[in-house]
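One structure is given below, encoded as C-alpha cells.
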2 protein chains.
Amino acid sequence: MEDRAFDALVVDLRGADLPRVWSLLVTVFGDLAQDGAAIPAAVLGQIVAPIGVRPEAMRVALHRLKKDGWIDSQRSGRTSLYRLSAQGRAQTVAASPRIYASEPPAREAWLVLTDPAAPQPGAESDLWLTPHMRLSSGSPAGAEAFATRLDPDAPLPGWMTARVCDAGVVALSADLETRLFRLQDRLPADLTATQAAILRVLIVHGWRRIVLKTPQLPDHVFPAAWQGPACRARVATLLERLPRHSPEALSLAA
Amino acid sequence: MEDRAFDALVVDLRGADLPRVWSLLVTVFGDLAQDGAAIPAAVLGQIVAPIGVRPEAMRVALHRLKKDGWIDSQRSGRTSLYRLSAQGRAQTVAASPRIYASEPPAREAWLVLTDPAAPQPGAESDLWLTPHMRLSSGSPAGAEAFATRLDPDAPLPGWMTARVCDAGVVALSADLETRLFRLQDRLPADLTATQAAILRVLIVHGWRRIVLKTPQLPDHVFPAAWQGPACRARVATLLERLPRHSPEALSLAA
C-alpha cells in the first residue's frame, strides 16, 4: 500500500495520542516474538516509527524494558537483537489468551456473598464489590457463601456494573470499536509484511489496553455502553485478515 | 377435666419458667377480648392463677398495663372490669394476623442489594443483613437495587439464616413444638370452658413470644433447626379443637 494512504490508516487507528512507547513495545514483542525469537533493532524501528515513535524514545524504552528484566539484548555485528526474557515471556504467554481470545472470558457470572463478620478470600479473578460481596465466573465451593447465578437477561444496577468496568474503560472500548470498524471497512489487500505487522500491533495494543483492565467475567455484567464484544469480534476478524510474519521475514522484507 | 390432671397438662405446656405476667395478660386480652369486651378481675384470676400467677402479681401487672395505656379499668359493684384501650386494641389487632396465621407470612424471599456507597431505606418488614443487603418478601421497584428471588430448595449459609432468626428463638421453637406435640397427643375431650381458655392462652402465648420476634419471611430462609412451620400447624389445629368462650360465658361458668 502506498505510504501516504497507509499513514492515514495508522493515524486513524492509533488516535490522537501516542501510546506509551515501552507498552507499545511489549505489544510488539508479544505479537511478533512470543516464542522468544530475536527481533533486530531495525525491525522494531520499522514497526514503531510509522506509529510516531522517535528512534531516541525507542532506545530509552528498550533500555527500560531491559532494566525491568522484560527483554534481553544481544549484539550481532553492527546491530542489536532483542528478545523476551524468560520472565517477560512468561508474563506475555499468561496474558496472551485474554488478548487474543475470540470468545468472552466466561459464560457465567455468580454473585457471591460471604459473612460480613468474617470476610473470606475468594479467587484472584473475582471482582470484589465490597469485602463480602463479589462477582465470580463460578460458583464457590462450601456452604458458607451465598451464591446465585446472574441471569444474563436481567440487567444489573449501575453501581454494580460501574465496579465491573469503569466509565473510562467503557469509553475506550467505544472509541476502539469505531476505529476498528473504519479499519475493517477500508482494509486494503496490498499491504506489505511490515504494514501488516504495524496494523496488527496497533489493533492488539488498542485492545490489550482495554481487556487487561477488565475482570474475567461475561459481558452481561458490564455497563450497557461496553463495546467489548464488538471489539473482540473485530480484533479476531482483522487479525485473521492480517498475516503474522516472523521477525526474520520482516527483516528480509525491509 | 379433673384438676390435678389438668395442672399437669398446664405445667407441661408452660414449662419450668413462669412467663412475664404483664405479657401473659396481653395474650389473655388478645385471645379473649380483642373486640374490647370487658373481662372481670375474677375471670382473669381464674385463667392466670392455674398457670402459676399469684393474685398480687396479677394486680401489679394490671396496674402496669393500665399505666402504659394498654388497658382501661372500670368498677362494677364489688368487682373491677378490664378491657383493652383503643391503643391496646389497635396493637393487638395489628399483631393478631401474625399470631393466628395458619399460613407462613410470605411465600417468596428476595435478596436485595443496594449501592454500598449510598444505602437506601427499604420496607420496614425487610430483614437487614448489612446496611446494603436485605431479605425481603418482595422484589423492590427501581433499577438501582439488585434483587434475586431465593430458591426455596437451596439452603442459605448459616451466617444469613442466623440473622433471620437467632439461635435462642430457634431453640424456643423446637421446645414449643415438643410441648404442643405432647398436648395434641393428650388433649382431653372433657375440658371446662375455663380450662379451654387457659390452654388457649398458653398455646397462643408460647407461639406469640416466638413469632413476633421473627421477620415476615418464608420458612425456607430460616435456620434448618427452625420449628416454626410445625408450631404454626399445631397451634392452628389445637386452637380449632379448643373453643373460644366469651368473657361473659367464662364469668357464668365460674
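Note that the structure is predicted; figures quoted are calculated from it, not measured. Chain letters run A, B, ... following the sequence lines, proteins first, then strands; residues in each count from 1.
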Measure the shortest side-chain to side-chain distance between A:R149 and B:T148 over non-hydrogen atoms and say whether it is less than 4.5 angstrom. no
Surrounding CG of A:D17 (heavy atoms of other residues, nucleotides or ligands, distance under 6.0 Å), is the total greater than 12? no
Going by heavy atoms in the side chains, are A:H132 and B:T130 under 4.5 Å from each other? yes
Residue B:R54 excluded, over 12 heavy atoms near CZ under 6.0 Å: no
Exam field: side chain A:W159 to backbone B:E144, donor-acceptor pair closer than 3.5 Å: yes
Could you tell me which of A:L129, A:L111, A:L156, A:D151 has the largest number of non-hydrogen atom pairs under 4.5 Å with chain B? A:L111
For the CZ atom on A:R244, are there more than 12 heavy atoms of other groups (residues, nucleotides or ligands in this structure) within a distance under 6.0 Å? yes
Nearest heavy-atom pair of B:A145 and A:P157: which atoms, and what distance? C-CG, 3.8 Å
Please step through side chain to side chain contact (heavy atoms under 4.5 Å, CB included) for the pair A:M160 and B:L113, ending with a clear verdict. CA-CA 10 Å; A:M160 274 193 177; B:L113 303 172; 3.7 Å; yes
